Amino acid sequence: MSDFVKVLTRKNSLRKQCQDMSVSDVEKVLTDLNEILEERHAEEAQAQAAEQQRMKKIAEIRKRMDDAGIGLDDLKAIKASEGPKRKVEAKYRIKDAAGAVHEWSGRGRTPVVFNEYFEKHGVTKEDTLIK
């Protein structure tokens, strides 16, 4: 908990901090805190309404699934039958100093081992294309 929050949540600490403040300054702080509280209440109400809408939609979907004779296991079976994503074939290949072969599809960031190989041997990735 931050020191600021500790001061706000402890009456004696808050009283000590407010000692040197004028009454109008304390009233201003109270007004600002009340506005913040109202905003937080509104945000919570919105979040609860959104969650209720979500739960209502889930209930509708479950009812439609029950009416159609579809169960959760059926959906899981469909997902399982799709299988894993297919692997992208390697487009580039290098052999490092230890003799290990490294392959890269060309997608995403260039692997560190490839960057090091390019710098060390003065080649480009086009030079390592698999033919």
Side-chain angles (χ1 to χ4, degrees):
M1 193 179 330
S2 72
D3 292 337
F4 177 71
V5 174
K6 287 179 183 176
V7 169
L8 285 177
T9 56
R10 294 185 177 133
K11 188 188 242 180
N12 286 335
S13 298
L14 187 59
R15 181 178 286 125
K16 184 176 180 179
Q17 293 297 321
C18 292
Q19 263 181 336
D20 298 331
M21 295 173 63
S22 68
V23 172
S24 63
D25 287 341
V26 172
E27 288 174 344
K28 170 77 170 101
V29 169
L30 279 174
T31 302
D32 291 346
L33 284 172
N34 281 325
E35 286 178 17
I36 292 169
L37 180 62
E38 288 174 15
E39 290 170 4
R40 295 291 302 268
H41 281 303
E43 289 171 2
E44 279 187 20
Q46 272 184 328
Q48 286 178 349
E51 182 63 17
Q52 286 176 349
Q53 281 293 96
R54 183 176 162 274
M55 295 307 290
K56 183 179 175 182
K57 288 179 182 178
I58 290 172
E60 289 173 6
I61 291 170
R62 282 188 176 161
K63 180 169 179 3
R64 291 167 79 188
M65 286 174 59
D66 287 343
D67 291 346
I70 299 171
L72 201 52
D73 292 334
D74 297 326
L75 295 178
K76 288 179 183 176
I78 291 171
K79 180 67 177 167
S81 69
E82 290 176 357
K85 292 182 179 180
R86 64 181 177 91
K87 188 175 179 180
V88 179
E89 289 188 35
K91 190 173 178 182
Y92 305 98
R93 182 181 296 136
I94 60 171
K95 189 180 279 190
D96 64 14
V101 176
H102 299 276
E103 293 183 337
W104 172 45
S105 68
R107 293 185 177 181
R109 291 177 46 178
T110 307
V112 174
V113 69
F114 276 82
N115 279 331
E116 290 171 354
Y117 184 86
F118 297 154
E119 289 175 15
K120 185 176 180 181
H121 295 91
V123 296
T124 63
K125 70 178 183 179
E126 285 74 27
D127 296 329
T128 62
L129 270 170
I130 299 172
K131 294 176 174 113

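Remember, it's a predicted structure, so these values are computed and weren't measured experimentally.
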From [atom1] ([X]) to [atom2] ([Y]), nearest 0.5 Å:
X: L72; Y: M65; atom1: CG; atom2: CE; result: 5.5 Å
X: I130; Y: Y92; atom1: CD1; atom2: OH; result: 10.0 Å
X: T128; Y: E103; atom1: OG1; atom2: CD; result: 11.0 Å
X: N115; Y: K125; atom1: CG; atom2: NZ; result: 10.0 Å
X: Q19; Y: M21; atom1: CD; atom2: CE; result: 12.0 Å
X: L33; Y: K28; atom1: CG; atom2: NZ; result: 10.0 Å

Indicate yes or no: does D67 engage K63 in a salt bridge with an N to O separation below 4.0 Å.
->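 Salt bridge between D67 and K63, a charged N being under 4.0 Å from a carboxylate O: yes.
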Member of Q52, E51, K57, Q53 meeting the side chain to side chain contact (heavy atoms under 4.5 Å, CB included) criterion with M55 |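 With M55 as partner, side chain to side chain contact (heavy atoms under 4.5 Å, CB included) holds for just one option, E51.
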Option from D127, V112, V123 for which side chain to side chain contact (heavy atoms under 4.5 Å, CB included) with Y117 holds = V123
What are the two closest heavy atoms between G69 and D74, and how far apart are they?
->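 Taking G69 first and D74 second, the nearest heavy atoms are O-OD2, 3.9 Å.
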Treat each ILVMFWY residue as a node, draw an edge where side-chain heavy atoms are under 4.5 Å apart, and state whether [X] and [Y] are in one component.
X: I61; Y: L75; value: yes
X: V29; Y: I36; value: no
X: V7; Y: F4; value: yes

Taking atom CD of E126 as the centre, report whether more than 12 heavy atoms of other residues, nucleotides or ligands fall under 6.0 Å from it.
-> yes
Does CD belonging to E89 count more than 12 external heavy atoms closer than 6.0 Å?
-> no
For the pair T110 and F118, evaluate side-chain contact (heavy atoms from CB on, under 4.5 Å) and give the outcome as yes or no after the intermediate values.
-> CA-CA 11 Å; T110 307; F118 297 154; 4.2 Å; yes
